[in-house]
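Computed over heavy atoms, backbone and side chain alike; hydrogens, waters and symmetry mates excluded. Throughout, a chain's letter reflects where its sequence line sits, starting with A, and its residues are numbered from 1.
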Amino acid sequence: MPDILETLLPVFGSAVSAGFPSPADDYIESRIDMNEYLIQHKEATFFLRVQGDSMNQLGILDGDLLVVDRSIPVEVGNIVIAAIDGEFTVKQFALSEGNPILKAANPAYKDISIDPDGDLEIWGVVRWAIHKLWP
Amino acid sequence: MAVTRPSIALVDCNNFYVSCERVFNPKLNNKPVLVLSNNDGCVIARSQEVKDLGIKMGVPWFKIQTLVKHHNIVVFSSNYTLYADMSNRVMQIISHFSPNQEIYSIDECFLDLTGFQHLNLIDHGQRIRATIKQFVGLPVCVGIGASKTQAKLANHLAKKRPAFEGVCDFNTLEPEGLDRLFSEIEVGEVWGVGSRTKKRLAELSIHTVLDLKKSSPKVLRKQFSVVMERTVRELNGESCIPLEEVAPPKEQLICSRSFGAPVFSLIDLTQAVITYTTRAAEKLRQQKSVAALVYVFIETNRFKVNEPQYNNGLLVPLPEPGNDTRLLVGAALTGLKRIYKPGFAYKKAGIMLNDLSCADAKQKGLFEDAELQAHSKSLMQAIDKINGIMGSGTIKFTGEGLKKRWQAKAERKTPAYTTRIDEIPIAYAIG
């Protein structure tokens with residue numbers, strides 16, 4: 001008869017769940033994070049608040065929250081924050097006969113031409129306008 | 001194989017506080033701007049235009065009021081909330097340029113670029129400048145050398161001499177060229193050489209940086225200290241002060257302020273002490289430490305010589321080292337009640353947390369209740385988290401008071417443009 005080796009087995013004092021493991025365990029993903037979605041370059045992103053109606057026709061309304069990214073180069077068609085005479089203004093960057101201009105999205109306002117020597121600085125590109133619908 | 005010389009960079013923001021204000025007020029560009037210290041006491045940051053007017057760092061505000069009016073200087077109270085956020089952004093951006101970074105102060109950091117010498121480091125420095133300028137709108141200068149002391153000096157030149165266009169790399173210069181440059185700079189510009197050391201060096205006929213560089217480290221060690229010896233070696237391109245990538249935890253934490261107006265009552269002093277203790281306790285938990293002693297002090301205005309004077313402080317030991325705000329506040333207030341004397345016009349109060357140690361390594365106390373401890377820890381974590389997300393002071397102890405009569409003056413403070421949603425800048429859509 002072979003020797004039977006005595007082995008000490010630990011006794012677990014806790015209950016063992018005999019049910020099925022959650023079928024969703026393999027599918028868990030992290031919840032949607034709006035910061036991640038709205039902000040691509042967090043060091044270069046700033047928030048501004050719209051005041052006025054000159055961008056109405058592009059859906060940028062009075063009181064909207066703008067997510068502004070300073071790290072991306074400005075392209076034609078972008079909505080930008082421009083510092084005009086030291087004040088932040090939201091406009092669309094466009095070309096008129098090859099010359100850069102700033103346009104409003106409301107026929108009541110005139111275009112502003114960008115004088116290369118003037119006191120006008122493109123401060124950042126607007127990536128999002130967040131519009132609040134429920135108080 | 002030749003050993004490559006280290007390349008250490010110092011990136012430093014130009015007129016940092018003023019530049020932060022300008023990012024959100026483009027009107028201030030090219031105008032004289034200055035920022036006042038806490039309580040609007042004295043000048044702590046100046047734009048180039050203000051420097052050119054001869055206004056020195058640290059001058060009391062009341063002494064320059066006529067100059068300010070005459071030259072239309074724009075004056076701000078310090079907005080540390082804004083400066084701290086802008087600083088964090090700058091440091092984050094810079095960290096992409098080298099894995100080895102030491103944040104040296106709110107507006108400067110060292111970078112080890114030794115592994116990047118296959119790149120043209122002057123171009124690399126220009127990229128750092130351009131990126132920071134574009135991302136956050138702040139101007140910086142980059143100084144590069146074989147040691148931290150050289151990097152500091154190179155940064156000074158990058159700032160002062162337009163020919164460098166904001167980046168100066170000593171490692172690209174021939175030894176003779178470097179010596180010539182050093183002979184043109186006075187020794188007081190060297191990192192660690194203060195005005196008193198400068199006087200003593202002058203007695204030894206050491207006037208320029210070159211004089212100091214050529215001095216014998218051994219002799220200076222005898223005359224001064226081992227620090228001076230290191231400085232000389234560092235000027236000679238020998239790196240002696242390593243980069244400290246992780247700031248060592250502070251061994252004591254102080255929180256004190258001068259009041260906006262004199263304070264007489266124990267109630268007002270109590271509010272101030274609770275506020276300062278709460279702030280210090282937050283910092284204590286941030287660096288994961290516990291304190292064993294709380295020192296509380298109150299002072300009258302010693303500059304008002306005709307008024308009765310009273311200064312006192314008291315060290316209060318805690319039953320067990322801890323970082324629970326309630327525990328620290330309790331100790332601080334016990335101390336305050338003991339030292340408070342009615343009838344004096346108090347100018348300043350503060351607290352100091354002493355004998356700090358690592359919270360994890362803390363020995364379990366004899367009378368410690370584990371459950372209470374766990375409760376205290378989670379409560380403090382919850383408060384810190386809420387205040388972190390919703391803004392500091394969202395949850396606070398009512399003893400702090402809601403109206404703070406004693407609070408420091410900050411009459412010209414700009415909004416917290418980047419940290420409070422109701423204070424973000426306006427983008428006008430009216431033209």
Quick check on the structure: residues of residues 33-44 of chain A within a heavy-atom distance below 4.5 Å of chain B, by number.
A:K42, A:E43, A:A44

Tell me the residues of residues 125-135 of chain A whose non-hydrogen atoms fall below 4.5 Å from those of chain B, in number order.
none

Nearest atoms (heavy-atom pairs only) where A:L48 meets B:I424
C-CD1, 3.6 Å

Please say whether more than 12 non-hydrogen atoms of neighbouring residues, nucleotides or ligands are located less than 6.0 Å from CD in B:E165.
no

Rounded to the nearest 0.5 Å, what separation is found between the CD1 atom of B:I430 and the OG1 atom of A:T89?
7.5 Å

Gap between atom CD1 of B:I421 and atom CZ of A:R49 - 0.5 Å precision:
5.5 Å

When you compare the side chain of B:Y428 with that of A:S54, does any pair of heavy atoms fall below 4.5 Å?
no

Is the number of heavy atoms from other residues, nucleotides or ligands under 6.0 Å of A:D111 CG greater than 12?
yes

Looking at A:K110, A:M55, A:E87, which one has more heavy-atom pairs under 4.5 Å with chain B than the rest?
A:E87

Within a 6.0 Å radius of atom NZ on B:K288, are there more than 12 heavy atoms belonging to other residues, nucleotides or ligands?
no

Neighbour count above 12 (heavy atom, 6.0 Å) for B:K152 NZ
yes

Per-residue contact mode, A:F47 against chain B (heavy atom under 4.5 angstrom):
both

Looking only at heavy atoms, which of residues 130-140 of chain B get nearer than 4.5 Å to chain A?
B:K133, B:Q134, B:F135, B:V136, B:G137

Spell out the residues in residues 74-85 of chain A that have some non-hydrogen atom less than 4.5 Å away from a non-hydrogen atom of chain B, in order of number; otherwise answer 'none'.
A:I81, A:A83, A:D85

A:W123 side chain to B:V23 main-chain N or O, any donor-acceptor pair under 3.5 Å?
yes

B:Y417 side, atom OH; A:F46 side, atom CZ - distance, nearest 0.5 Å
12.5 Å

